[in-house]
Enquirer: 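The structure under discussion is supplied below as structure tokens; questions concerning it will follow.
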Amino acid sequence: MVPLDWYIGLSAVIFVIGVVGFIIRRNILIMLMSVELMLNSVNISLVAFSHYLQDLRGQIFVFFIITVAAAEAAIGLAILVALFKNKAAVHTDEITEMKG
Amino acid sequence: MDKYLLIPLLPLIAFTINIIFGKGIIKERAHWIAILAVLGSFAIAVSTLIEVLNGKTINYDVYSWIVSGSFKVTVGFLIDQLTAIMLIVVTSVSLLVHIYSVGYMHGDKGYYRFFAYLSLFTFSMLMLVMGNNLLQLYFGWEAVGLCSYFLIGFWYEKKSASDAGKKAFIVNRFGDFGFGIGVIMIFLTLGALHYTDIFAKVGTLQGQTINILGYNIDLITLIALLLFCGAVGKSAQIPLHVWLPDAMEGPTPVSALIHAATMVTAGVFMVARFNPIFSLSETAMNVVALTGAITSLFAATIALVQNDIKRIVAYSTVSQLGYMFLACGVGAYGAGVFHLYTHAYFKALLFLGAGSVMHAMAGELDIQKMGGLKKHMPVTYWTFLIASLSIAGIPGLAGFFSKDEILWLAYNHGTIGKIVWLMGTAVAALTAFYSFRIIFMAFHGKFRGTHEQEHHLHESPKAMTIPLIILAIGAISAGWVGIPAALGGSNAIAHFFEPVLGHPHVTAAHEEEFMVMSISIVAAIGGIFVSWIFYSLKPEIPKTLAAKFKGIYTTLWNKYYVDELYGFIIVRPTKWIASNILVAVTDGKIIEGIVNGVPQAIRNFGERLRKLQTGHLQHYAVSMAIGLFVILTLVLIAAGR
Amino acid sequence: MLPNLFFGYFAIVMVVLSLLIITRRNPVHSVLWMLVLFFHIAGLYLFLNAEFLAAVQVILYAGAILVLFLFVIMMLNLKEEITAERFIGEWPIGVALGISIIMLVYFALSKFIQGPVGQYTIEAINKETHTKTIGRVLYTEYLFPFEIASLILLIAIVGAIVLAKKRG
Amino acid sequence: MMNIPFPDLRPVTPEIIMTISATVLLILELIFKNKGVLAFIAVATAAVVLYTIPSSHGQTFGGMFISDTYSTYFKLIFMINLVLTILISLRYIQREKAEYGEYYSLLLFATSGMMLMASAKDLIILYLGLELMALSTYILAGIKRHDIKSNEAAIKYFLLGAFSSALLLYGISLIYGMTTTTDIYKIAASLQNSSTPSLPLLLSMILIAAAFLFKIAAAPFHMWAPDVYEGAPTSITAFMSVGPKAAGFAVIGRVFYIAFQSIQTDWTAILIGVAILTMAVGNILALVQTNIKRMLAYSSIAHAGYMLIGIIPGTQESMSAMMVYMLIYAFMNIGAFAIVILLEKGEELSDYEGLSKSRPLVAALMLIFMFSLTGIPPTAGFIGKFNLFMAAIKAGYTWLVVIAVMFSAMSAYYYLRVVMNMYMKEMKEEAAITPSPSLGLAILITVLMVFVIGIMPSVVIG
């Protein structure tokens with residue numbers, strides 16, 4: 001059987017890739033995708049735990065996370081659309097009206 | 001509701017109503033609320049006095065604000081004989097001044113504001129005298145100071161008024177600084193803030209010393225002197241007396257209420273209240289007695305040559321306050337408070353009379369430009385005369401009994417007592433002289449002002465004269481509660497105060513008392529007589545004297561150059577340091593250097609820090625990630641070890 | 001051995017896909033790589049005996065969320081996007097930070113000890129079928145969070161309407 | 001077929017009423033043209049909920065949800081926050097042309113989310129409650145959708161919020177892997193046995209802490225706050241500066257004290273550092289602001305720093321002092337925002353110059369709130385700080401209190417600058433105000449409470 005540690009490692013790597021993507025990309029859409037990446041890494045580890053711990057809680061949690069991720073994407077994109085209507089900007093360094 | 005609580009609460013309610021609705025709804029009706037409130041307080045104060053006369057004392061905490069260990073911040077009332085008298089003084093004078101102000105302040109654009117401040121002041125003063133703990137005293141102390149600041153600078157458009165307000169505020173800071181330290185020291189050494197606890201424990205401090213810069217200083221003396229510092233500031237004693245004469249820039253009712261009858265006597269009240277502490281330190285007592293005597297003499301001499309009617313009365317106040325401290329210093333606290341009580345009436349009357357004169361003279365204050373006012377304003381004249389007779393110490397009037405009690409008890413108090421008695425008697429003569437100088441110059445003789453002013457002369461409205469008459473009754477009769485045994489009285493007031501303030505035991509015979517009494521009567525009558533010769537019979541004498549003793553005259557005229565001295569030793573060096581040294585240090589930015597230096601440095605730092613907040617989303621995420629990274633590193637290293 | 005190889009394939013492909021997602025210049029490509037990634041994740045779920053979740057992953061993520069992304073991408077000016085700078089100026093810091101964090105996480109997680117084993121063994125689940133088990137648990141034990149999740153979806157709809165709908 | 005008993009709904013009655021009302025409001029929005037009706041229903045809901053909270057104690061849904069005195073207190077704060085926000089919103093959202101019926105519905109949903117967070121005994125509920133609150137707040141922050149600043153605030157808040165909740169999830173997943181449970185109390189029991197803290201546990205604790213610290217806007221996770229507070233509609237800024245912050249503190253209290261009890265020394269050390277940094281950043285940066293909403297944002301960061309001092313000692317007394325502080329903060333902060341809303345032009349500090357001449361009453365009210373935020377007696381702010389600092393001193397954190405007092409003294413500088421502007425500077429132009437009965441009521445309530453608590457602290461302490 002595949003050791004649990006492998007799943008943990010995989011999940012950690014994808015999570016950090018998501019973090020890095022979030023930090024370095026200028027495009028808000030890609031940042032949103034990076035967040036989805038992070039959430040998916042969490043899902044992977046939760047499903048793996050669920051399997052190895054013989055407990056369903058992890059999978060139930062994943063179900064909720066997917067739900068929330070969908071809601072989050074909908075709202076995030078709605079905000080982006082609202083922003084886009086006022087100012088055709090999808091890059092974070094173009095929306096620095098407020099600072100200091 | 002608790003009736004004692006209502007005493008300070010009513011003026012507070014009046015203040016709140018007037019300050020909130022005064023500008024819009026109430027406007028010219030502001031006085032009704034204020035007067036009704038203080039009338040209510042007065043009525044309750046009278047009923048409280050009756051209870052106290054029947055032997056009841058009240059001491060309880062109304063409300064605990066913060067309790068944290070032995071640090072208890074509470075609002076509580078201690079109503080004993082001392083407080084009961086103070087309540088009567090404060091509420092009655094305040095009531096009369098309120099009524100008087102209806103006429104005096106009529107038509108002023110800050111009418112509602114004036115009454116709001118008066119109410120606030122009354123509230124603060126009542127809190128001060130009714131408190132049963134040090135912090136409440138301190139609160140009242142600062143609050144009356146603040147109200148005084150507002151009221152002196154009431155006509156803030158006038159520069160001299162706002163300057164005087166600032167001066168009063170700053171000079172009082174010096175005194176209050178010492179007072180504050182005194183309060184802290186009492187809490188630190190005794191762990192108590194309530195009077196009863198303090199007085200119960202203060203005996204344990206006896207003999208303890210504290211080492212300051214290598215000198216062993218008696219702890220009780222130190223505490224007493226620190227408290228006295230506050231009294232010196234608030235009651236305008238030497239060397240902090242300079243603010244009071246300037247405070248006359250405020251409206252006259254304010255001078256009468258705050259700067260004659262009530263607030264300035266808070267220092268005397270405080271010393272009397274803390275008599276268990278003062279009595280334990282002979283040094284402190286002597287300092288109090290001498291400060292009082294010197295101030296009294298000093299201020300009386302200045303008053304001799306001033307021409308501004310309110311200034312003369314102001315110096316007279318300083319002088320009389322000195323009298324009260326003199327009394328406290330010789331252990332005659334009861335006599336001091338008795339004088340405080342009689343003084344409140346005749347001095348308030350003098351101020352209000354002066355205000356009435358000013359009203360008629362369209363703001364003129366110089367007595368040289370007055371004269372013959374007697375026939376134009378008879379009520380003012382007669383009441384002013386009664387007040388002058390009372391302050392001069394003519395037998396039968398209020399001032400006589402209280403002043404005589406002080407002099408007699410001082411006379412019986414050892415060497416120091418004899419010295420201050422002599423000074424006190426001299427002051428009595430001087431007081432009579434300068435008081436009647438006003439009478440003769442302002443009310444008798446020919447009018448010396450302009451025609452326009454003469455045409456305008458009139459008696460003041462009823463709202464002003466009625467308080468004068470009531471106060472005149474007080475100036476006559478207030479002293480009758482203290483007729484000494486030597487004159488066949490029972491000296492009721494001394495016995496009344498005895499449980500709280502004690503009473504020095506005097507064994508000397510009545511004959512000796514008559515002697516002391518006669519000397520002061522002779523001094524008073526002599527003063528009046530000389531004044532009559534100088535200012536009525538032969539008006540050229542003062543001018544010749546002034547020319548002959550030019551040095552003395554100018555010294556007195558310039559109030560012993562104290563303001564100039566302070567200007568020289570405090571203000572100028574400070575300015576010099578500021579403009580020379582600090583400018584050199586801070587590149588011409590004096591204010592930034594002192595006041596804004598540190599904040600500016602922080603601001604500069606903030607401005608730099610602000611650059612980090614770029615508005616760029618990623619930078620925020622990076623900051624979060626860095627924060628996470630740092631915390632992770634630190635914690636994992638700490639745990640991994 | 002075979003499962004390990006299978007996992008190895010999935011792991012490597014998923015990491016590579018993740019890297020591709022965050023580095024592609026064209027957002028459409030990122031979305032498409034993400035689609036592939038989601039299929040792989042679904043495969044991994046199957047591998048972990050979570051058939052229901054695998055289906056949800058494909059239907060919801062690939063079918064709904066990514067489509068939503070594509071709709072929004074259509075609003076962008078892709079021509080300009082392709083020529084624009086991809087990364088922020090300080091991207092090396094971000095990458096360095098990422099590498100440091102993964103090292104720390106690896107250091108911490110190398111001491112990972114799994115918790116006690118529960119009652120839902122693979123046999124027990126297989127007996128009832130996965131979907132049914134999940135459904136039963138979801139509607140009994142987890143009824144409360146399920147209701148909250150429904151509220152979250154409701155406000156997602158409300159939010160989208162409030163923010164993006166044309167109104168007078 | 002298994003027979004499953006229907007869960008006991010009594011403990012969740014307040015939440016059920018709240019969400020039903022929120023949903024009904026969505027429908028009523030189509031019926032009523034006058035949105036004031038919706039606001040009234042929302043306030044009535046809050047009142048009903050407040051009435052049902054005390055009788056709802058207990059656990060339900062298999063112990064996922066707990067209603068106890070702790071959650072009750074926070075729910076009280078949420079209700080106050082909700083009611084005051086609605087009162088200050090009514091006229092304001094009309095003025096800002098953002099009068100959507102969904103506004104009130106979303107406020108109720110956000111508040112339900114906070115209530116769930118305060119009552120969550122299970123991390124799943126906690127997460128879902130947090131998301132319910134967060135997603136509603138993102139929308140509310142961006143509800144002025146024609147305003148670029150509002151859009152910017154929403155997108156910033158949203159992206160960083162999503163990022164932080166991903167951190168939270170990762171932390172939770174690790175905890176789950178280590179303990180096979182998501183129940184806060186069972187986690188504690190499971191971790192009790194291990195004598196030395198394991199590194200994965202610390203990692204997950206830090207990740208969870210980061211997410212919570214993000215919600216309360218503590219440094220270095222605070223940077224969203226000034227931008228979002230400035231850009232969001234002012235009424236929502238008031239809402240956000242109290243509600244999510246209180247909810248954040250509620251979950252910090254519960255999760256850290258119970259689930260992470262075994263590693264208390266570790267997280268205490270982190271929180272001390274964070275608290276000091278938060279106070280420093282909040283106070284120093286507030287000094288240099290020229291926009292009052294931004295200044296209040298930094299001030300709210302600083303206040304979060306003070307409140308963390310209540311969490312650190314971990315005594316009963318300090319925790320309750322923190323909760324009292326939160327309550328007081330709710331009143332004085334929303335009060336200050338209410339004044340900002342009252343003024344037609346009130347977002348820049350220079351708008352306050354000479355306000356005492358043109359609007360003496362407004363200036364006096366602002367003065368009271370500024371005094372209270374500074375912590376000058378006899379206002380509630382003083383009581384809050386005194387109580388909080390005393391509790392910390394009694395627990396032996398005198399040095400921390402000394403630092404806090406220093407920063408607090410520094411805060412006088414920027415709060416009193418508003419007062420200086422109002423009273424010492426010359427008036428540039430007559431300040432226009434947009435009064436309304438509801439806004440007046442909100443100001444009256446807040447100013448009364450600032451004084452009542454300030455003068456009679458026993459109403460909230462003990």
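All figures in this text were calculated on a predicted structure; none of them were measured in a lab. Naming: A, B, ... by sequence-line order, numbering from 1 per chain.
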Enquirer: Given heavy-atom pairs under 4.5 angstrom as the criterion, report whether the side chain, backbone, both or neither of L56(A) touches chain C.
Expert: both

Enquirer: By a 4.5 Å heavy-atom criterion (distance strictly below it), what part of L109(C) contacts chain A: side chain, backbone, both, or neither?
Expert: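 The side chain, not the backbone.
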
Enquirer: Which atoms of Y106(C) come close to chain A, meaning under 4.5 Å heavy atom to heavy atom: side chain ones, backbone ones, both, or neither?
Expert: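 Answer is neither: Y106(C) stays 4.5 Å or more from chain A.
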
Enquirer: If I measure from the heavy atoms of chain A, does E85(C) come under 4.5 Å with its side chain, its backbone, both, or neither?
Expert: both

Enquirer: What part of F22(A) is in contact with chain C, defined as an atom under 4.5 angstrom from a non-hydrogen atom: side chain, backbone, both or neither?
Expert: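 When you check distances to chain C, no heavy atom of F22(A) falls under 4.5 Å.
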
Enquirer: Taking the six-membered ring where the residue is Trp, are the ring centres of F146(C) and Y139(C) under 6.0 Å apart?
Expert: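 Centroid separation for F146(C) and Y139(C): below 6.0 Å.
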
Enquirer: Is a donor from one side chain sitting under 3.5 angstrom from an acceptor on the other, for Q59(A) and H51(A)?
Expert: no

Enquirer: Walk me through it: do Y61(C) and N40(A) pass the test side-chain contact (heavy atoms from CB on, under 4.5 Å)?
Expert: CA-CA 10 Å; Y61(C) 260 123; N40(A) 270 288; 3.5 Å; yes

Enquirer: Chain A heavy atoms under 4.5 Å from I122(C): which part of the residue, side chain, backbone, both or neither?
Expert: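 Side chain only.
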
Enquirer: Report the distance from atom CZ of R57(A) to atom OH of Y120(C), rounding to the nearest 0.5 Å.
Expert: 9.5 Å

Enquirer: Using every non-hydrogen atom in the two residues, find where K87(A) and E94(A) come nearest and quote the distance to one decimal.
Expert: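 The answer is NZ-O, 2.6 Å.
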
Enquirer: Less than 4.5 Å to any heavy atom of chain A: does that hold for the side chain of A64(C), its backbone, both, or neither?
Expert: neither

Enquirer: Checking side-chain contact (heavy atoms from CB on, under 4.5 Å) for the pair F38(C)/L66(C): CA distance, chi angles, key distance, verdict?
Expert: CA-CA 10 Å; F38(C) 286 164; L66(C) 286 184; 3.5 Å; yes

Enquirer: Taking all non-hydrogen atoms of both residues into account, name the closest pair between Y45(C) and N43(A) and its distance.
Expert: OH-CB, 2.9 Å

Enquirer: Write down the atom of A160(C), the atom of A78(A), and the distance for their closest heavy-atom approach.
Expert: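 Residues A160(C) and A78(A), closest heavy atoms: CA-CB, 3.7 Å.
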
Enquirer: For chain A, which candidate among I152(C), L153(C), L138(C) shows the most heavy-atom pairs at distances under 4.5 Å?
Expert: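 The answer is L138(C).
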
Enquirer: So which part of E72(A) gets closer than 4.5 Å to some heavy atom of chain C, the side chain, the backbone, both or neither?
Expert: neither

Enquirer: What part of I102(C) lies closer than 4.5 angstrom to a heavy atom of chain A: side chain, backbone, both or neither?
Expert: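 For I102(C), the contact with chain A is made by backbone and side chain together.
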
Enquirer: With a 6.0 Å cut-off on the ring centroids, do F112(C) and F49(A) count as close?
Expert: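 They qualify: ring centres under 6.0 Å apart.
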
Enquirer: Just grab all the salt bridge (Lys or Arg N to Asp or Glu O under 4.0 Å) pairs involving residues 11-30 of chain A, residues at least two apart or on different chains.
Expert: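 For residues 11-30 of chain A: R26(A)-D93(A).
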
Enquirer: Can you tell which part of V31(C) gets under 4.5 Å to a heavy atom of chain A, answering side chain, backbone, both or neither?
Expert: both

Enquirer: Against chain C, label I44(A) side chain, backbone, both or neither, depending on which of its atoms sit under 4.5 Å from a heavy atom there.
Expert: both

Enquirer: Short question: side chain of R25(C), backbone of A84(C) - any donor-acceptor pair under 3.5 Å?
Expert: yes

Enquirer: Run L53(A) and Q114(C) through side-chain contact (heavy atoms from CB on, under 4.5 Å) and show every step you take.
Expert: CA-CA 8 Å; L53(A) 301 173; Q114(C) 74 177 70; 3.6 Å; yes

Enquirer: Among G8(C), S150(C), S30(C), G159(C), which residue has the highest count of heavy-atom pairs closer than 4.5 Å to chain A?
Expert: S30(C)

Enquirer: What part of F71(C) lies closer than 4.5 angstrom to a heavy atom of chain A: side chain, backbone, both or neither?
Expert: neither

Enquirer: Using a heavy-atom distance cut-off of less than 4.5 Å, which residues of residues 12-22 of chain C contact chain A?
Expert: M14(C), V15(C), S18(C), L19(C), I21(C), I22(C)

Enquirer: Given a strict heavy-atom distance threshold of 4.5 Å, which part of I30(A) is in contact with chain C: side chain, backbone, both, or neither?
Expert: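 For I30(A), the side chain is the part near chain C, not the backbone.
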
Enquirer: Relative to chain C, which segment of F63(A) carries a heavy atom at a distance below 4.5 Å: side chain, backbone, both, or neither?
Expert: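 Contact with chain C involves both backbone and side-chain atoms of F63(A).
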
Enquirer: What part of P92(C) gets within 4.5 angstrom of chain A, counting heavy atoms only: side chain, backbone, both, or neither?
Expert: neither

Enquirer: What part of T67(A) gets within 4.5 angstrom of chain C, counting heavy atoms only: side chain, backbone, both, or neither?
Expert: both

Enquirer: So which of V105(C), I148(C), I101(C), I41(C) has the biggest tally of heavy-atom pairs under 4.5 Å with chain A?
Expert: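 Most heavy-atom pairs within the cutoff with chain A belong to I41(C).
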
Enquirer: Taking every heavy-atom pair that is under 4.5 Å apart, which of I73(C), L2(C), V56(C) has the most such pairs with chain A?
Expert: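 The candidate making the most pairs under 4.5 Å is I73(C).
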
Enquirer: Of the backbone (N, CA, C, O) and the side chain (C-beta and beyond), which part of V81(A) lies under 4.5 Å from a heavy atom of chain C, both, or neither?
Expert: both

Enquirer: Using non-hydrogen atoms only, which part of L37(C) is less than 4.5 Å away from chain A: side chain, backbone, both, or neither?
Expert: side chain

Enquirer: Do the side-chain N and O atoms of H40(C) and Y9(C) include a donor-acceptor pair separated by under 3.5 angstrom?
Expert: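 Yes, Y9(C) and H40(C) have a side-chain donor paired with an acceptor closer than 3.5 Å.
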
Enquirer: Using non-hydrogen atoms only, which part of A124(C) is less than 4.5 Å away from chain A: side chain, backbone, both, or neither?
Expert: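 It is neither, since no heavy atom gets under 4.5 Å.
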
Enquirer: Tell me whether the centres of the aromatic rings in F7(C) and F47(C) are closer together than 6.0 Å.
Expert: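 Ring centroids of F7(C) and F47(C) are no less than 6.0 Å from each other.
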
Enquirer: Can you tell me how far CZ of F64(A) sits from CG of L46(A), rounded to the nearest 0.5 angstrom?
Expert: 12.5 Å

Enquirer: Between L48(C) and chain A, with a heavy-atom cut-off of 4.5 Å, which part of the residue counts as in contact: side chain, backbone, both or neither?
Expert: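 When you check distances to chain A, atoms from both the backbone and side chain of L48(C) fall under 4.5 Å.
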
